[in-house]
4 protein chains.
Amino acid sequence: MPTPTETRKSSRKGPTRSEASKAAILDATRTEMAENGWRGFSVDAVAKRASASKQTIYKWWPSIGAMCVDACLALIPDSPDGGRDPQERITALIVPLEAAARTGAGHAVLRVALSAAADDKDAGELWRAWMNRDIRMPMRMLLAELAGKRVIRREFDLDEAIEEMLGPLWHRIMVMKAPVREGFCSAQAAGFLKVYAAS
Amino acid sequence: MPTPTETRKSSRKGPTRSEASKAAILDATRTEMAENGWRGFSVDAVAKRASASKQTIYKWWPSIGAMCVDACLALIPDSPDGGRDPQERITALIVPLEAAARTGAGHAVLRVALSAAADDKDAGELWRAWMNRDIRMPMRMLLAELAGKRVIRREFDLDEAIEEMLGPLWHRIMVMKAPVREGFCSAQAAGFLKVYAAS
Amino acid sequence: MPTPTETRKSSRKGPTRSEASKAAILDATRTEMAENGWRGFSVDAVAKRASASKQTIYKWWPSIGAMCVDACLALIPDSPDGGRDPQERITALIVPLEAAARTGAGHAVLRVALSAAADDKDAGELWRAWMNRDIRMPMRMLLAELAGKRVIRREFDLDEAIEEMLGPLWHRIMVMKAPVREGFCSAQAAGFLKVYAAS
Amino acid sequence: MPTPTETRKSSRKGPTRSEASKAAILDATRTEMAENGWRGFSVDAVAKRASASKQTIYKWWPSIGAMCVDACLALIPDSPDGGRDPQERITALIVPLEAAARTGAGHAVLRVALSAAADDKDAGELWRAWMNRDIRMPMRMLLAELAGKRVIRREFDLDEAIEEMLGPLWHRIMVMKAPVREGFCSAQAAGFLKVYAAS
DNA sequence: CATTAAACGAGACGGTACGTCTCGTCTTTGC
DNA sequence: GCAAAGACGAGACGTACCGTCTCGTTTAATG
């Protein structure tokens, strides 16, 4: 899962971006997110914890919300393969989110990142860009294929499908603050197939 | 939909001066929520806009998050009756949320209130208390009845059911920031009945 | 020597200015001036030392330079009477400055205040206003009287006279950073009478 | 008036100090001094304006104060001869300062340089070293000679004499920020001769 | 010549301070 | 007698500089 904010490559003069500093900042960001929430999140605290300068933070991220989303995305692992079974292939799409949400820190970090994405323009765009690339596009291909095989109905709305797959996760994380059980994704995929089943 | 934070009981007739102030504060709160988001929300701004003293605000609400949730809940109308059709009865449970989310201001206010509930202890408790009273309890009765009639299967998890009904709404409001179309609730209810259909 | 920045009198609502806070700030200001010079002077350090909020400082002084000049002027005692002898009356005008400059802290504080007055618009105006009220105006009366008695010549330039009386003090404080010996004012007055002697 | 900070001569390998860079830095320094004062003076701004690297600046000057004094001294022309008349010979000693102060930029640069000398150790030493070499030593010889001819009294304090000659200039530049009229030095010398006249 | 050491521009970085804004508490005044 | 107005300590905001530290390029003296 490559970090969305690219380390600008330079064949320019001068020193290049310090990767150590970047890693320390993202680490500290995650800790502060989990400890203080979105409104209590403070750039000063991140800078102090990461032994970084605020200037460095503001230099590389367009907003603190974007930094929070960035720090969160780094927690989400890559998708597994999925195999042949339709349900397993759908499950595989969202299992990385389940994995992240099932760790104690990840749960809180996801919650704060979602608030950040809702509040902050840059954070929202970053979040939706990731969603588009890692969830929406693969899902589009998968749904088209399943529709071709008449496993699901031909008429579907891609965004609504995603909404129904991921929405329950947000409810659990944001509203209930309850742990995400293993198999959450599997259940979502099963339900999905029922709702969208052909004819 | 009565405001959860009780206005201290006056057994004297007529609205007290305090009630006017309270209404002005909640109005100002909604405006500020819609304009500035959760992190940018400021008590000072609310006080100034409502011509109220900060002291008055801190006196009535345990935290600013609770005030935001309170201001949001006041936007949510009462449930309609629903009739006899199972889908309509389920729909009726969440239609007030749909109604609130379908206004421009309500969309933003719901988004901020959810962030507040995720961030702030008091706000979260207030939000979940409302959910329990206005969604979860009625839903529990409804589901029991439907299960009795074998419309849905007997084994279900109440909280997961709610999760699947409301989750898509959160996704739309928080993540996509997209408008909620009319009939959103109806579609959710239809999908729900398929997923939870008996045998 | 009343503080130039007035404590705004209010028949407004709300609390009045905290004199304790003001005194603590001016004290801390003098200490910081003596320790760090003009360029190294920091509002943060003053606030921390005085246990005051920066907001309070920025509220009551138009600029940090003005605050420095204010803190310095509070060190300068009132003029003694002077008596009848022309030299003594001239001496009496500048003896408060000598007194301030002869204390260790006062020497440094005067040095920083002069830099502040040279750098900062508000500080300069405050300084010159004090000079006008406490030095220039009394000096004008005194010189007119001495000219009337033909002790000094009739044609003189008031500002040049002040320049020659005070200039040496600035040289000693700013350039040489050397202590001001007792009797400095007396010597200046004696020299002054020679230069401006009638005929 | 040779620049005090020596361009270290090298029979070492590598390029020698770039005089173009040095001149650009001192030029930029004077502009920034005049525009921003001592507290607002910024090395970054000088570097940017001079298209120089900060490293280069820190390499050749011990402190930014020293750089400011250096930049200022470069504005002060050499002394004229002075002739035989005692007043003219004294005048000639300080006329370069008058000349510098009578230009618009020079006035401001002198003011900032004096603040720098008062604040910064290195700047103060540089300033006093220049004063010693270009004012104090020549003055010492001159006063000794005049005392020998009984033009002035035998007992005098060299530093107090300088204090009285230059002090008024500082008052005008630092306190009044008023222009220095032509003939200022001549007047000082005349006054000086009266004050120090023999018996 | 090629080598090599220094000078230099550009600029990243950890820090500190700037001047402003907000929080939550406390105090005074006026309706 | 309450509620407005607002002063206050505390601390975060996003920006600017400081002084140090690489980088890569350019410029001489040396081998």
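To find a chain, count down the sequence lines: A is the first, B the second, and so on, and within it residues start at 1.
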OG1 of C:T16 to CD of C:E19: how many Å apart, nearest 0.5 Å? 8.0 Å
Which value, rounded to the nearest 0.5 Å, describes the distance between D:I25 atom CD1 and D:W60 atom CH2? 10.5 Å
Please output the side-chain donor-acceptor pairs of residues 50-58 of chain D that fall under 3.5 Å, not counting sequence neighbours, one pair per line with the distance.
| unit_1 | atom_1 | unit_2 | atom_2 | d |
| --- | --- | --- | --- | --- |
| D:S53 | OG | D:Q55 | N | 3.2 |
| D:K54 | NZ | D:D44 | OD1 | 3.1 |

Can you tell me how far P of E:dT28 sits from CD of C:E19, to the nearest Å? 13 Å
State which residues pass side-chain hydrogen bond (donor to acceptor under 3.5 Å, both in side chains) with A:S42; sequence neighbours excluded, sorted by chain then number. none
Keeping A:R39 on the side-chain end and B:W38 on the backbone end, is there a donor-acceptor pair under 3.5 Å? yes
Taking salt bridge (Lys or Arg N to Asp or Glu O under 4.0 Å) as the test, write out the residues that go with B:K121, two or more places apart. B:E125
Rounded to the Å, how far apart are B:W61 CH2 and E:dG24 P? 14 Å
Heavy-atom contacts, protein to nucleotides 15-20 of chain E, under 4.0 Å, summarised as B (base), S (sugar-phosphate only) or - (none) per nt, yield B-SBBB
Heavy atoms within less than 4.0 Å of DNA chain E: which residues of residues 28-36 of chain C have one? Give them sorted by number. none
With a 4.0 Å cutoff (strictly under), does any side-chain N or O of C:R12 reach OP1 or OP2 of F:dG6? yes
Can you check the C:K13 NZ to E:dT29 C1' distance for me, whole Å? 7 Å
Protein-nucleotide distance (C:R17, atom CZ; E:dT28, atom P), rounded to Å: 16 Å
Measure CZ/C:R49 against P/F:dA10 and give the value in whole Å, please. 15 Å
When you check the phosphate oxygens OP1 and OP2 of F:dC23, does a side-chain N or O of A:T16 lie under 4.0 Å from one of them? no
Between CD1 of A:I64 and CD of A:E32, what distance do you get to the nearest 0.5 Å? 11.5 Å
Rounding to an integer number of Å, can you tell me how far D:I57 CD1 sits from F:dT20 C1'? 14 Å
Does a nitrogen or oxygen in the side chain of D:W60 sit under 4.0 Å from OP1 or OP2 of E:dC8? yes
Side-chain N or O of B:T56 closer than 4.0 Å to phosphate OP1/OP2 of F:dC2: no
Closest non-hydrogen atoms of B:A28 and B:V46, given as atom of the first, atom of the second and distance, are CB-O, 3.8 Å
Shortest non-hydrogen pair, D:A117 vs C:K177, comes out as O-CE, 3.7 Å
Contact list for DNA chain F against residues 116-124 of chain A - heavy-atom distance below 4.0 Å: none
What is the separation between atom NZ on C:K59 and atom C1' on F:dG9, rounded to the nearest whole Å? 15 Å
Specify the closest pair of heavy atoms between D:M33 and D:A71, including all atoms of both residues, with the distance to one decimal. SD-CB, 4.4 Å
If only atom types and distance count, is the side chain of C:D119 paired as donor or acceptor with the main-chain N or O of D:G37 below 3.5 Å? no
